[in-house]
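Lettering of chains follows the sequences in order, A, B, ..., and the numbering in each one begins at 1.
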Amino acid sequence: MKRTKIKNALNSEHPMAEVTVKGWVRTKRDSKGFSFLELNDGSCLKNIQVIVDHTPEIEAELARIGTGASVSVDGELVESPGKGQKWEVRGKALKLIGEADQETFPLQKKRHTDEFLRGIAHLRPRTNKYGAMFRIRSELAQATHKFFAERDFFYVHTPVLTGSDCEGAGEMFRVTSLEHGSKAPIEEDFFGKPAHLTVSGQLEAEMFALSLGDVYTFGPTFRAENSNTPRHVAEFWMIEPEMAFVDLEGNMGFGEEMIKYLVRHILDNCAEDVELFAKWVNKQLMTELEILLKKDFVRLPYTEAIDILLKSKKEFEFPVEWGIDLQTEHERFLCEEKFNQPVYLYDYPKTIKPFYMRLNDDDKTVAAMDCLVPRIGEIIGGSQREERMNVLLARMKEMELPEEDYWWYVDSRRFGSAPHSGFGLGFERMLMLVTGVSNIRDVMPFPRTPKHLEF
RNA sequence: UCCCCAGUGGCUCAAUCGGCAGAGCGGGUGACUGUUAAUCACUAGGUUCGCGGUUCAAGUCCGUGCUGGGGAGCCA
């Protein structure tokens, strides 16, 4: 018989004379003459309760069934006479599919620490919390595409492999098909020149914004930084919209609209899973998200931010003056203490920002923007791009970038250039925002961090 | 990479001043005719992260390495 997903069985409007459910046993409770099984198949947070009488055939199966085993149950869906659930399955036939040895199966019925579960990342989606996490992750990805589709954006697949080794100041992963330790000249390597994993699809996305209008990329991104923090991983997913004929203000407005849309979508579509996080992970979660949805994001020019920091009379480890790159302590003060809500900082000094950001009329600042949210820090980083070819070339020269490596990028300004803007939004940080989880390693199926390439 | 903290049974933790390694949960066995992290009884389970040192004696003190966590830096 066709399998009914537990989610659908639990949401059933009426009893079912014949039903088959399959899933993993969360717990088994034996009595004389009958047993209860709690079954979860991942379709939703809740388990379905199965009751089976101890016929000889069923008893033989039950003897080998414990927490973690996968089973199949044929029976009927009936209203449960017990408290705690509406429906239960009265099992007629019970079949063990995959045994789980109780002596060595690492998941128990009790709560485990996140640290322990990280060590068994291959099994943690079988827990309530991580099951909920990865259902939300899936929904958040779907919502991202939905958001863009509803606004007539095109989804662009920018390359993961890149040939420019000066794509950014960040450390990049080298890609090669040569043997380790090979002394062969670079010309003999696969591409005949140094190849790396992408740190951003932005430059390529810009080419498509200047042809398809509104586009976005959504894919994996790599950073070889030796970072050991709860906010950094070597491989993560980034959403990067790029929009033609949009200035910095439009860019910030769009980012705010997007964050609010995604939060709203998850609250509306993953209520049960989110509730788990609000209850067990972060008690302030719902309050935080309500504030985020209700208030307009603060818009604060960098220069004013420096002013606020100077006037705060707060002792910072890193002294504040105009021109510095803001440190974590500064960002936290502004976002969590001063405003306690999402804050856009914009118009940064050109000296601390990359070459492609549009130079403002003051000749000192560029049209950059960062969106900071409490608890997470930077969730969006973006800018209006420099569309004036002569200014762009001057900036590249200033920063000693080899023009020839960017010939195609400069070409987009040579032919039919237009104002355009975009930003990058860290997908995992967005997940941390909606779930209240504080370590990025716990919002990814198999996180990659320095010295960790297990699974 | 730097600073701080931690590592004891499968998991979460305890162990006084350096003096017999323990509990709860989980596992196993049994009891129980509607359980809900079921309950009750019995039971097994230890290289106290590795290496070296101090000491009559080290889970405990010292050195070192590894692992984990937190903070910072790095970070398109």
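Judged by atom type and distance alone, A:Glu115 does not reach the base of B:U12 through any side-chain donor-acceptor pair under 3.5 Å. At a cut-off of 3.5 angstrom, counting only N and O atoms as typed in the model, there is a donor on one side and an acceptor on the other between the side-chain of A:Glu88 and the base of B:G34.
For A:Glu59, the CD atom sits in a packed shell: over 12 heavy atoms of surrounding residues, nucleotides or ligands are nearer than 6.0 Å. Within 6.0 Å of atom CD in A:Glu403, 12 or fewer heavy atoms from other residues, nucleotides or ligands are found, so the atom counts as exposed in its surroundings.
Shown here, B:A31 forms a base pair with B:U39; the pair counts as Watson-Crick or G-U wobble because both key distances fall under 3.5 Å. A 3.5 Å limit on both hydrogen-bonding distances identifies B:G71 as the Watson-Crick or G-U partner of B:C2. In this structure, B:U60 makes no Watson-Crick or G-U wobble pair, since no nucleotide meets both defining distances under 3.5 angstrom.
Using a 4.0 Å heavy-atom distance criterion, A:Leu107 is classed as making no nucleic acid contact. Residue A:Pro81 is classed as a base contact, given a heavy-atom separation below 4.0 Å to a base. A:Lys353 comes within 4.0 angstrom of nothing in the nucleic acid, heavy atoms only. Nucleic acid contact class of A:Gly424 (heavy atoms, under 4.0 Å, all strands): none. No contact: A:Glu378 has no heavy atom under 4.0 Å from any strand.
Less than 4.0 Å separates RNA chain B from at least one heavy atom of each of the following residues of residues 227-239 of chain A: A:Ser227, A:Asn228, A:Thr229, A:Pro230, A:Arg231, A:His232.
Nearest to the side chain of A:His452, among B:G34, B:G68, B:A72, sits B:G68. Listed candidates were B:G68, B:U12, B:G69. Nearest to the side chain of A:Asn439 is B:G69. When the nucleotides B:C74, B:U35, B:U33 are ranked by their closest atom to the side chain of A:Gln85, B:U35 comes out on top. In this structure, of B:G73, B:G68, B:G27, it is B:G68 that holds the atom nearest to the side chain of A:Arg118. Out of B:G70, B:C32, B:G27, the shortest distance to the side chain of A:Gln102 is found at B:G27. Which of B:A72, B:U33, B:G27 sits closest to the side chain of A:Lys32 comes down to B:U33. Residue A:Phe116 has its side chain nearest to B:U12 when only B:A72, B:G73, B:U12 are considered. Checked against B:C74, B:U35, B:U67, the side chain of A:Phe36 finds its nearest nucleotide in B:U35. For A:Asn226, the listed nucleotide lying nearest its side chain is B:U1; candidates were B:U1, B:G28, B:U35. Closest to the side chain of A:Gln108, from the set B:C11, B:U1, B:G73, is B:C11.
Taking side-chain N and O atoms only, A:Ser80 has no distance below 4.0 Å to OP1 or OP2 of B:G34. Contact annotation: A:Thr113 side-chain N/O to B:U12 OP1/OP2 distance is under 4.0 Å. For A:Arg111, no side-chain nitrogen or oxygen approaches OP1 or OP2 of B:G24 to under 4.0 Å. Side-chain nitrogen and oxygen atoms of A:His112 include none within less than 4.0 Å of the OP1 or OP2 phosphate oxygen of B:G26.
A:His330 has its ring centre less than 6.0 Å from the ring centre of A:Phe316. Taking the six-membered ring for Trp and the full ring otherwise, A:Tyr155 and A:His157 have centroids separated by under 6.0 Å. The aromatic ring centres of A:Phe446 and A:His122 sit 6.0 Å or more apart. Separation of the A:Tyr406 and A:Phe355 ring centroids falls under the 6.0 Å cut-off. A centroid separation of 6.0 Å or more is found between the aromatic rings of A:His54 and A:Phe34.
A:Glu206 and A:Gln202 share a side-chain donor-acceptor pair at under 3.5 Å.
For the P atoms, the distance from B:A14 to B:A6 is 11 Å, rounded to whole Å. Using atom P as the reference point in both B:G68 and B:U54, the two lie 31 Å apart (nearest Å). Comparing B:A15 with B:U60, their P atoms are spaced 14 Å from each other, to the whole Å. Between B:U48 and B:U12, the distance separating the two C1' atoms is 16 Å to the nearest Å. B:G30 and B:G71: their P atoms are spaced 49 Å apart (whole Å). B:C3 and B:G24: their P atoms are spaced 42 Å apart (whole Å). For the P atom pair drawn from B:U29 and B:U16, the interatomic distance equals 37 Å after rounding to whole Å. For the P atoms, the distance linking B:G59 with B:G50 amounts to 11 Å, nearest Å.
In terms of modelled atom types and a separation under 3.5 Å, the side chain of A:Arg448 and the main chain of A:Val233 share no donor-acceptor contact. Checking side-chain atoms of A:Glu242 against main-chain N and O of A:Phe208 turns up no donor-acceptor pair under 3.5 Å.
B:C17 takes the syn form, because its glycosidic angle lies no more than 90° either side of 0.
B:C11 atom P lies 16 Å from atom CG of A:Asp114, rounded to whole Å. A straight line from CE of A:Met172 to P of B:C74 spans 20 Å, rounded to a whole angstrom.
Between A:Phe218 and A:Trp237, the ring planes lie perpendicular to each other; the angle is over 60°, past the 30° to 60° tilted range. Ring pair A:Phe254/A:Phe153 is parallel by interplanar angle, where below 30° counts as parallel and above 60° as perpendicular.
Both A:Thr27 and A:Arg429 lie near RNA chain B, and the one whose nearest nucleotide falls closer to the 5' end is A:Thr27. Along RNA chain B, the nucleotide closest to A:Phe318 and the one closest to A:Arg441 are compared, and the more 5′ of them pairs with A:Arg441.
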- Item | salt bridge (Lys or Arg N to Asp or Glu O under 4.0 Å) between A:Glu378 and A:Arg231, intermediate numbers included | CA-CA 10 Å; A:Glu378 181 182 336; A:Arg231 300 177 300 282; over 6 Å; no
- Report, as a single string ordered 5' to 3', how protein heavy atoms within less than 4.0 Å touch nucleotides 45-50 of chain B: B base, S sugar-phosphate only, - not at all. ------
